[in-house]
Amino acid sequence: MTMRGRGPRRGKALSQIGILRDGAILVRDGRITAVGPANKIEKLKESKRAEKVDVGGRVVLPGLVDSHTHLIHAASRAEEYELKIRGMSYEEIAKKGGGILNSVKKLRLSTSEELKSRARGLLEKFAEYGTTTVEAKSGYGLDVTSELRILSLHKELDAEQPLEIVSTFLGAHVVPAEFRGKDGGTREYLEILTKQLIPEIADNGLAEYCDVFCERGAFTLSESRRVLEAGQAHGLTPRMHAEQLSNTGATELGVELGAASCDHLEYLTPAGIRAISKSDTVAALLPGCDFHLGLKQYAAARALIEAGAIVALATDFNPGTSPTLSMPMVLSLACTQLRMTPAEAITAATVNAAHSLRRGERIGSIEVGKQADLAVFEVADYREIPYYFGVNNCWMTMKRGEIVYLRV
Ligand SMILES: [Zn+2]
């Protein structure tokens, strides 16, 4: 599946996956230098000297791009999982100091070494499922030291292990406990974010993006605007957690600010669908959340595709609402719950996700000049990738021409 073609895919173009049978890919210095039928590629002069990797007729696709994760966290929240099953809602748990604040408490008590070694283990797992690029958000620190610590870990992990980490600052995840219920507490916390943290993050190149959780119980529309505009003033591109549990108008704000993506969108209105579909802001859908929370409010993927939105898919890997790092599982959910076809889902998880990270020129398809980021699945037909739900058929993962995972 070459996914060849120009720019992000909208509407019918989501189904154009550029199938090449009996293909071969020539790679030099981590980049693709030729793609085509194997009998042609093998005759190229440079191929004679190349090391050959025979994938034995398996299905090759671009490395999966996970454009929304909360990679750095200290522990699972399995205890809340049980409460949810017994009938408590995510918001009720959050009000009792659970939810995000629970993860914040755990993270602040962890050393950087502990967080890093956990994240390294997780990144190895991401690679096992065919993912080669991972966006990672801060947001479980929520104080100056802890947020900077998380963002520095993103940078260190990007340099020290093979997967690419795209760093996003999510200081505006929720208002931390020490500012809650305090007069002017939210205002005070926003001052720290906009006047202290954002400038420092920008000066040290610790993040490319600034994200906000715009939701009741988190940040209002005008507070979100303040944070995102402060980020923009310092060169951080906006992304948003938008319309997850209610409709806030976050999507329209994201579009207005030229956000790279608005994610979730379970409660997007028809007006919101029109707004994002006419824009270059990517609509990233995260069906793992609804699945894990047992909700039935999946995003309106079909309406978004028909309106021409750039639809992407991501895991939203996090300990509270979506503890999966399996993009193939997300593809299965996209097919059965969002009614996306396997071709549309794979396009959303590669080309369009790459565009949401503003890396569309470099990753997301198998084309000359792009990075040799590949995922090889042990299936006879690409549709079997989402078809076998909860089964990992990834056989090999390659990042910049290096094998980073091979099933033994
Ligand atoms: Zn999220």
Side-chain angles (χ1 to χ4, degrees), residues 65-74 76-77 80 84 90-91 93-94 98-104 107 119 122 126 131 133-142 147 150-151 154 165-175 207-219 224 227-228 231 236-246 248 250-251 254 259-268 281-293 295 297-299 311-327 329-330 333-334 348-349 353 356-357:
V65 177
D66 195 344
S67 65
H68 185 138
T69 86
H70 302 254
L71 175 68
I72 308 277
H73 54 266
S76 90
R77 300 211 304 261
E80 292 179 9
K84 278 178 263 183
Y90 176 65
E91 284 176 292
I93 291 168
I100 295 166
L101 293 176
N102 182 1
S103 287
V104 170
L107 184 136
L122 293 168
F126 274 97
T131 298
T133 302
V134 177
E135 187 262 10
K137 302 176 196 295
S138 67
Y140 291 129
L142 307 187
E147 284 295 303
I150 298 169
L151 295 172
H154 291 165
I165 310 294
V166 181
S167 181
T168 297
F169 173 54
L170 178 60
H173 202 179
V174 289
V175 176
E208 279 177 58
Y209 295 98
C210 181
D211 196 336
V212 175
F213 187 21
C214 183
E215 189 58 70
R216 53 184 190 213
F219 293 90
S224 301
V227 174
L228 295 177
L236 304 178
T237 304
R239 329 181 63 83
M240 291 194 85
H241 281 69
E243 340 292 4
Q244 180 185 5
L245 304 166
S246 62
T248 60
T251 304
S261 76
C262 286
D263 301 10
H264 280 294
L265 310 181
E266 283 85 345
Y267 285 84
L268 192 59
T281 298
V282 173
L285 310 181
L286 317 170
C289 281
D290 298 76
F291 178 76
H292 179 72
L293 296 174
L295 303 174
Q297 185 75 26
Y298 284 94
V311 172
L313 289 165
T315 60
D316 191 15
F317 175 59
N318 79 81
T321 61
S322 188
T324 184
L325 39 69
S326 165
M327 283 296 282
M329 180 66 192
V330 169
L333 293 173
S356 98
L357 299 177

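Counting starts at 1 for both ligands and their atoms, in listed order.
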Polar side chain donor-acceptor pair, D316 to H68, under 3.5 angstrom: yes
Vertex the Zn ion (ligand 1), ends D316/OD1 and H241/NE2: angle to nearest 10° comes to 170°
Answer key: the N, O or S atom of H68 nearest to the Zn ion (ligand 1) is NE2
Under a plain distance cut-off of 3.5 Å, with no hydrogens placed, do E135 and S67 share a side-chain donor-acceptor pair? no
Would you call the rings of H173 and Y140 parallel, tilted or perpendicular, where under 30° means parallel and over 60° means perpendicular?
tilted
Atom name of the N, O or S atom of H70 nearest to the Zn ion (ligand 1) is NE2
Taking the six-membered ring for Trp, are the ring centroids of F317 and F126 within less than 6.0 Å of each other? yes
